[in-house]
Amino acid sequence: MRWYDFDWVDAFSDRAFGGNGCAVVHGGAGLSDEVCMAYVRETSLVECTFTGPSSVADVRVRYFLASREIPFAGHPTIATVAAMRSRGLFQGEALTLETGAGIVSITLQGDEIEMTQVAPQFGAPVPATLVAAAVGLPEDAIISPPQMVSTGLPFCITVLLDHEALRAAKLAEGPLRKVAAKAGFSGSDMAEPFLVTLNGATDAGDTFSRLLLAPPSPPEDPFTGSATGAMAAYLWKHGLMDKDTFIAEQGHDMGRPGQARVTRVGPAEAMTGIKVAGRGHVLMRGQVNLPDAIT
């Protein structure tokens, strides 16, 4: 057993109880997968991060859901950098993170943390009939062909007609498995659709989104930075977003409003990266006593 410092950060928000929470366990990258997943379940958060030394970047970051390790996630990246900055663990206005998806570059502009996600990868389209069944909506509520897109973590990007359809969506795990199978996933990889509308939740926003999650995760993610990057790449590729930089919103109907500034790197037909920027509020900090492994 060993004591580890941790910070609980509300990411993509500048206030308590906004955006999406993430617990950052400093120095915990060497813990076993089982311990990391158990810690996520203990917190009831969607994701937690565990940091450690890196030979190729300033710090190594491991990302965990309650059920598995994932290569990258957006709001935990913002949370990790906010936590490290609050403890004075790095100097200057830039740093690099070693993640399972590659090296992620970070820049700081005042209170805003900007991550450059990797160049988008566009997968196969997914039939709208399957996606509509997975989220309990009529097929005509989907206004653009759903497609798997990744800027470090894949999501089925699904553009909906309006906020009414967005709010009516309910996840059905059985049909969701058909979406995952069509997209080439199996087992615990559920390929949840990232639902987006082309109007903000507030006057400041350009898009408003939701991500419904399958068990053992909580039923909905308040703000999803990795999916926001994938969504932005989809909108630019399909000509649905005229702005080179726009404001993405999520979580408002959950009472956890979150906001990100999204910027395209390169032309829409040949994007080399997606920049997603937001703030992080350190809500609490302390120590957690964790075993090296669960026996």
Side-chain angles (χ1 to χ4, degrees), residues 1-13 19-90 95-106 108 113 115-118 150-154 188-189 213 216-218 221-227 229 276 278 280-295:
M1 301 289 285
R2 175 184 161 190
W3 288 97
Y4 294 85
D5 292 333
F6 80 91
D7 292 292
W8 185 303
V9 182
D10 289 335
F12 290 107
S13 177
N20 201 350
C22 173
V24 181
V25 180
H26 300 281
L31 290 165
S32 71
D33 291 5
E34 291 74 20
V35 169
C36 293
M37 289 184 291
Y39 180 74
V40 178
R41 291 192 292 270
E42 188 76 5
T43 67
S44 297
L45 293 165
V46 175
E47 290 148 337
C48 297
T49 63
F50 302 79
T51 69
S54 171
S55 61
V56 295
D58 293 310
V59 64
R60 180 188 179 201
V61 184
R62 298 181 70 192
Y63 302 81
F64 279 88
L65 300 169
S67 58
R68 67 190 189 277
E69 183 174 8
I70 56 177
F72 173 78
H75 91 269
T77 298
I78 299 296
T80 300
V81 176
M84 292 178 62
R85 180 172 61 176
S86 74
R87 288 179 177 264
L89 296 178
F90 67 89
L95 75 159
T96 54
L97 310 180
E98 177 190 353
T99 77
I103 304 298
V104 175
S105 297
I106 303 291
L108 292 90
I113 300 164
M115 58 183 154
T116 301
Q117 298 178 7
V118 299
S150 174
T151 55
L153 192 66
S188 61
D189 294 317
L213 298 172
S217 294
D221 202 23
F223 199 99
T224 320
S226 51
V276 180
H281 176 84
V282 179
L283 181 69
M284 66 178 96
R285 67 171 33 145
Q287 291 186 312
V288 57
N289 192 15
L290 296 175
D292 293 329
I294 295 176
T295 57

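Every value quoted in this text rests on a predicted model; they were computed, and no experiment measured them.
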[atom1] of [X] to [atom2] of [Y]: how many Å apart, nearest 0.5 Å?
| X | Y | atom1 | atom2 | value |
| --- | --- | --- | --- | --- |
| Gln117 | Ser105 | CD | OG | 12.0 Å |
| Cys22 | Leu283 | SG | CG | 12.5 Å |
| Phe50 | Tyr39 | CZ | OH | 6.5 Å |
| His75 | Asp10 | NE2 | CG | 9.0 Å |
| Arg2 | Leu290 | CZ | CG | 10.0 Å |
| Leu213 | Thr224 | CG | OG1 | 7.0 Å |

> Taking it one step at a time, do Phe90 and Leu108 satisfy side chain to side chain contact (heavy atoms under 4.5 Å, CB included)?
Replying inline: CA-CA 12 Å; Phe90 67 89; Leu108 292 90; 4.0 Å; yes

Identify, with sequence neighbours excluded, every residue that meets side chain to side chain contact (heavy atoms under 4.5 Å, CB included) alongside [X].
| X | result |
| --- | --- |
| Ser150 | Pro154 |
| Asp5 | His26, Arg87, Gln287 |
| Ala73 | Glu47, Tyr63, Ile70, Pro76 |

Quick one, [X] and [Y] - any side-chain contact, counting heavy atoms below 4.5 Å?
| X | Y | value |
| --- | --- | --- |
| Leu31 | Tyr4 | yes |
| Phe72 | Val61 | no |
| Ile106 | Thr77 | yes |
| Thr99 | Pro71 | no |

>> One pair to check against side chain to side chain contact (heavy atoms under 4.5 Å, CB included): Leu65 and Val46. What are the steps and the verdict?
In response: CA-CA 6 Å; Leu65 300 169; Val46 175; 4.1 Å; yes

> Which is it for Leu45 and Trp8 under the side chain to side chain contact (heavy atoms under 4.5 Å, CB included) test, yes or no, and what are the steps along the way?
Replying inline: CA-CA 10 Å; Leu45 293 165; Trp8 185 303; 3.5 Å; yes

Considering all heavy atoms, the nearest [X]-[Y] contact:
| X | Y | answer |
| --- | --- | --- |
| Phe64 | Val40 | O-CG2, 3.6 Å |
| Val282 | Ala82 | CG2-O, 4.2 Å |
| Pro222 | Gly19 | CB-O, 3.2 Å |
| Val59 | Gly52 | CG2-O, 3.3 Å |

> What pairs with Glu69 under side chain to side chain donor-acceptor pair (under 3.5 Å), at least two apart in sequence or on another chain?
Replying inline: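 For Glu69 the side chain to side chain donor-acceptor pair (under 3.5 Å) partners, ignoring immediate neighbours, are Arg62.
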
>> Among residues at least two apart in sequence or on other chains, which ones pass side chain to side chain donor-acceptor pair (under 3.5 Å) with Arg285?
In response: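 With sequence neighbours excluded, Arg285 shows a side chain to side chain donor-acceptor pair (under 3.5 Å) to Asp7, Ser86, given in chain and number order.
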
> Which pairs pass side chain to side chain donor-acceptor pair (under 3.5 Å) with one or both residues in residues 49-61, sequence neighbours excluded?
Replying inline: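 The answer is Thr49-Thr80, Ser54-Glu98, Asp58-Thr96.
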
> For Ile113 and Arg85, what are the C-alpha separation, side-chain angles and deciding distance, and is it a side chain to side chain contact (heavy atoms under 4.5 Å, CB included)?
Replying inline: CA-CA 10 Å; Ile113 300 164; Arg85 180 172 61 176; 4.1 Å; yes

